[in-house]
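Since the model is a prediction, treat every value here as computed from it, not as a measurement. All heavy atoms count here, side chains included; hydrogens, waters and symmetry mates do not. Both ligands and their constituent atoms are indexed starting at 1 by order of listing.
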Amino acid sequence: MTKRRIITFLKSLRFRLIIIFMILGILPGMLLRAGMLKSYEKKAVSNKSIDILSQSKILANKMVASDYLNDISSEVITAQLEQLSMIYDGRVILIDHMFHIVKDTYGLDQNKTIISEEVMKSFRGKEVSNYDSENRYIEMTIPLTNTDTNEVIGVMLVSVSMDSIVANSDYLKQNLLIMEVISSIAIFAISLFLAIHLTKPFGRMSKSIEEIQTGYGDSNLMIDDYSEFQDISTKLNELTGRMKILDDSRQEFVSNVSHELKTPLTSMKVLADSLNGQEDVPIELYKEFMADIGGEIERETKIINDLLSLVKMDKSAGELNISSVNMNELLEQILKRLRPIADKQHVDLVLESFRPVTAEVDEVKITLAITNLIENGIKYNKPEGWVHVSLNADHQFCYLKVSDSGIGIPEDSLEHIYERFYRVDKSHSREIGGTGLGLAITRNAVLMHRGAIKVFSTVGEGTIFNVRIPLNYIA
Ligand SMILES: Nc1ncnc2c1ncn2[C@@H]1O[C@H](COP(=O)(O)OP(=O)(O)OP(=O)(O)O)[C@@H](O)[C@H]1O
Ligand SMILES: [Mg+2]
């Protein structure tokens with residue numbers, strides 16, 4: 001558990017932000033410290049060398065002028081030599097042309113002979129300066145030149161310890177390190193604060209999503225700390241909105257289906273109970289009630305069949321059984337089948353074909369669609385009314401128009417008529433016999449053919465349905 005939590009933390013944006021902020025905050029300081037110490041030491045050594053060299057040269061000139069090499073009794077120069085050696089914490093050695101040490105401020109090697117590469121170089125007139133960084137001292141050899149003859153009469157050797165510089169640099173190093181540790185702690189605290197602050201909206205977002213998931217909080221998700229989050233919030237709200245609509249319509253559909261399937265069953269039960277409750281029921285009443293029960297069974301069957309064809313269309317969207325269909329013949333067949341119903345209602349049924357039309361359609365589905373439109377025209381009509389069906393086409397589409405002289409559809413119902421189980425006048429429709437699935441099936445079938453359906457209606461005057469279907473099926 002803890003191991004998993006550690007891994008999750010290491011993978012988190014928060015941890016990565018902390019690392020990035022720490023690197024950005026600490027690395028420049030570290031580089032700066034290393035660079036500063038190095039350049040400080042170099043500069044300090046070079047400054048001190050220049051200083052010593054110029055002091056030594058002044059003294060060298062004085063010694064040449066007073067012939068100090070041959071007679072070291074001059075107290076002034078001796079004192080100045082001692083002073084130089086004292087100020088710089090170093091040793092001064094004077095060497096004459098025989099490589100004898102004439103003067104050693106440490107008094108250790110007086111009268112000894114010295115021959116070294118640097119000394120030889122200086123006898124050839126060169127100033128030599130060497131820094132021994134390991135032992136931390138500078139050694140300089142300066143030629144003592146007779147200004148008149150330009151002849152090197154001796155060499156002055158100065159060696160100075162650089163301990164003070166190193167000590168300074170060590171002190172600096174220590175101070176910088178302390179400062180660095182303190183600033184690292186501060187940077188860590190700031191990084192932690194920033195990382196927590198910057199990643200907070202993520203936490204809030206996931207909590208809000210969780211609330212939506214668990215069904216709490218009907219309110220919309222609105223995390224707008226970053227513009228990206230605004231985007232995500234809006235899109236998520238759209239998504240949940242659509243899911244809610246889908247869920248609502250699913251629930252409504254299920255309750256409608258249950259209700260519609262229950263109604264015929266209830267009627268049958270009432271009929272059967274009333275027969276069972278009576279004794280010596282006349283055979284005529286039996287027959288009448290049984291006919292009613294048969295009617296209810298028919299009604300139930302129709303609802304189930306309609307539902308099945310709707311479900312099939314939903315499931316096999318795009319799976320059409322396309323063939324070339326003569327639309328004129330198809331319409332004649334449909335009208336032939338519906339004519340008995342129209343006659344019963346005393347409604348005049350007329351077909352008008354403007355030209356021969358052949359279209360690539362799914363014959364079964366298109367038949368369902370057209371049958372329902374004409375059936376509606378007959379059902380929702382007045383006695384002695386009419387239904388006109390017309391068929392036309394251009395090079396691209398087949399146009400079908402079903403108009404009637406019926407009761408019409410109120411304007412506020414027009415947008416609902418394609419919904420499953422929607423009926424304008426429930427009580428009236430009940431006696432006419434309908435479930436409100438017909439137009440849903442019609443619209444589905446037309447849309448599956450990439451066609452369009454439009455309705456125009458005036459209450460009390462009649463209704464017109466216009467259907468347009470492409471002649472060639474577009475997959
Ligand atoms: N031509 C029309 N004239 C007047 N009202 C109509 C017409 N066509 C449809 N309607 C109204 O629209 C409603 C929905 O029609 P739809 O065809 O979907 O269902 P239905 O005819 O009631 O039942 P079903 O077709 O499933 O047997 C009808 O109940 C009716 O109120
Ligand atoms: Mg109908």
Side-chain angles (χ1 to χ4, degrees), residues 249 252-253 256-264 267 295-314 331 334-335 337-338 340-342 344-351 364-390 400-448 453-467:
S249 82
E252 195 191 312
F253 181 66
N256 281 341
V257 168
S258 327
H259 177 78
E260 292 301 326
L261 289 180
K262 241 174 74 189
T263 317
S267 306
E296 292 300 333
I297 291 173
E298 222 170 79
R299 195 169 137 71
E300 183 99 36
T301 313
K302 183 184 178 303
I303 296 171
I304 291 170
N305 281 339
D306 282 355
L307 275 174
L308 282 178
S309 48
L310 258 179
V311 170
K312 246 202 235 152
M313 280 195 212
D314 277 354
L331 277 177
I334 294 173
L335 257 74
R337 245 187 294 132
L338 291 177
I341 308 173
K344 215 167 116 190
Q345 308 265 330
H346 303 287
V347 169
D348 192 20
L349 192 55
V350 185
L351 171 66
V364 176
K365 292 197 172 86
I366 283 296
T367 305
L368 267 178
I370 299 172
T371 305
N372 182 58
L373 286 182
I374 302 173
E375 209 178 51
N376 281 353
I378 299 167
K379 274 200 304 191
Y380 305 106
N381 219 315
K382 300 172 218 159
E384 313 306 324
W386 47 261
V387 176
H388 284 179
V389 183
S390 79
L400 190 87
K401 185 167 154 184
V402 180
S403 42
D404 64 55
S405 61
I407 56 173
I409 304 166
E411 196 164 340
D412 53 340
S413 294
L414 280 177
E415 55 178 318
H416 298 295
I417 53 171
Y418 301 109
E419 289 168 14
R420 292 160 181 190
F421 297 113
Y422 182 82
R423 279 167 296 170
V424 175
D425 177 0
K426 291 226 167 203
S427 53
H428 191 66
S429 294
R430 175 97 180 89
E431 112 206 359
I432 292 174
T435 46
L437 289 173
L439 281 179
I441 293 172
T442 302
R443 198 177 89 108
N444 262 11
V446 170
L447 292 187
M448 278 174 91
I453 181 164
K454 268 195 187 132
V455 59
F456 305 92
S457 188
T458 314
V459 174
E461 280 181 25
T463 307
I464 302 170
F465 277 96
N466 279 330
V467 176

For Y422, the ligand 1 atoms whose distance to one of its heavy atoms is below 4.0 Å: 13 (C), 14 (C)

Heteroatom proximity flag, E375 to ligand 1, N/O under 3.5 Å: no

At under 4.0 Å between heavy atoms, what of Y418 touches ligand 1? The answer is neither

Heavy-atom check, side chain of T463 versus side chain of F456, under 4.5 Å: no

Considering only heavy atoms from C-beta outward, does the side chain of F465 approach that of S457 to under 4.5 Å? no

Sub-4.0 Å heavy-atom approach of G406 to ligand 1: no

At their closest point, which heavy atom of T371 faces which heavy atom of L338, and how far apart are they? O-CD1, 3.9 Å

Considering L307, V455, L439 one by one, which has a heavy atom nearer to atom 16 (P) of ligand 1 than any of the others? L439

G436: numbered ligand 1 atoms lying under 4.0 Å from its heavy atoms: 18 (O), 19 (O), 20 (P), 22 (O), 23 (O), 24 (P), 26 (O)

Can you tell me how the ring of F421 sits relative to the ring of F253, calling it parallel under 30°, perpendicular over 60° and tilted otherwise? tilted

Give yes if a backbone or side-chain nitrogen or oxygen of D425 is under 3.5 Å from a nitrogen or oxygen of ligand 1, and no if not. no

Looking only at distance, does F465 have an N or O less than 3.5 Å from an N or O of ligand 1? no

With a 4.5 Å limit on heavy-atom distance, are the side chains of L349 and I374 in contact? yes

Close approach, K302 and ligand 1, non-hydrogen under 4.0 angstrom: yes

Metal-centred angle, OD1 of N376 through the Mg ion (ligand 2) to OD1 of N372, rounded to 10 degrees: 100°

Which ligand 1 atoms, with their elements, are less than 4.0 angstrom from a heavy-atom of R423? 22 (O), 29 (O)

Can you tell which of D306, V459, I417 gets a heavy atom nearest to atom 12 (O) of ligand 1? I417

Test your reading of the structure: does A440 have an N or O sitting under 3.5 Å from an N or O of ligand 1? no

Judged on heavy-atom distance to atom 26 (O) of ligand 1, which of N372, L437, I441 sits nearest? L437

Are more than 12 heavy atoms from other residues, nucleotides or ligands located less than 6.0 Å from atom CZ of R420? yes

Side-chain contact test, heavy atoms from C-beta onward, threshold under 4.5 Å: evaluate it for I417 versus V455 and give yes or no. yes

Where is the tightest heavy-atom contact between I378 and V347, given as atom of each residue plus distance? O-CG2, 4.2 Å

To atom 8 (N) of ligand 1, the nearest of T442, N376, T371, L310 on a heavy-atom basis is N376

Heteroatom proximity flag, I409 to ligand 1, N/O under 3.5 Å: no

N or O pair under 3.5 Å between V424 and ligand 1: yes

Do I409 and Y380 touch side chain to side chain, with heavy atoms closer than 4.5 Å? no

Do L261 and I304 come within less than 4.5 Å of each other through their side chains, counting heavy atoms only? yes

Mind checking whether D404 has an N or O less than 3.5 Å away from an N or O of ligand 1? yes

Would you say I297 and P264 make side-chain contact, with heavy atoms under 4.5 Å? no

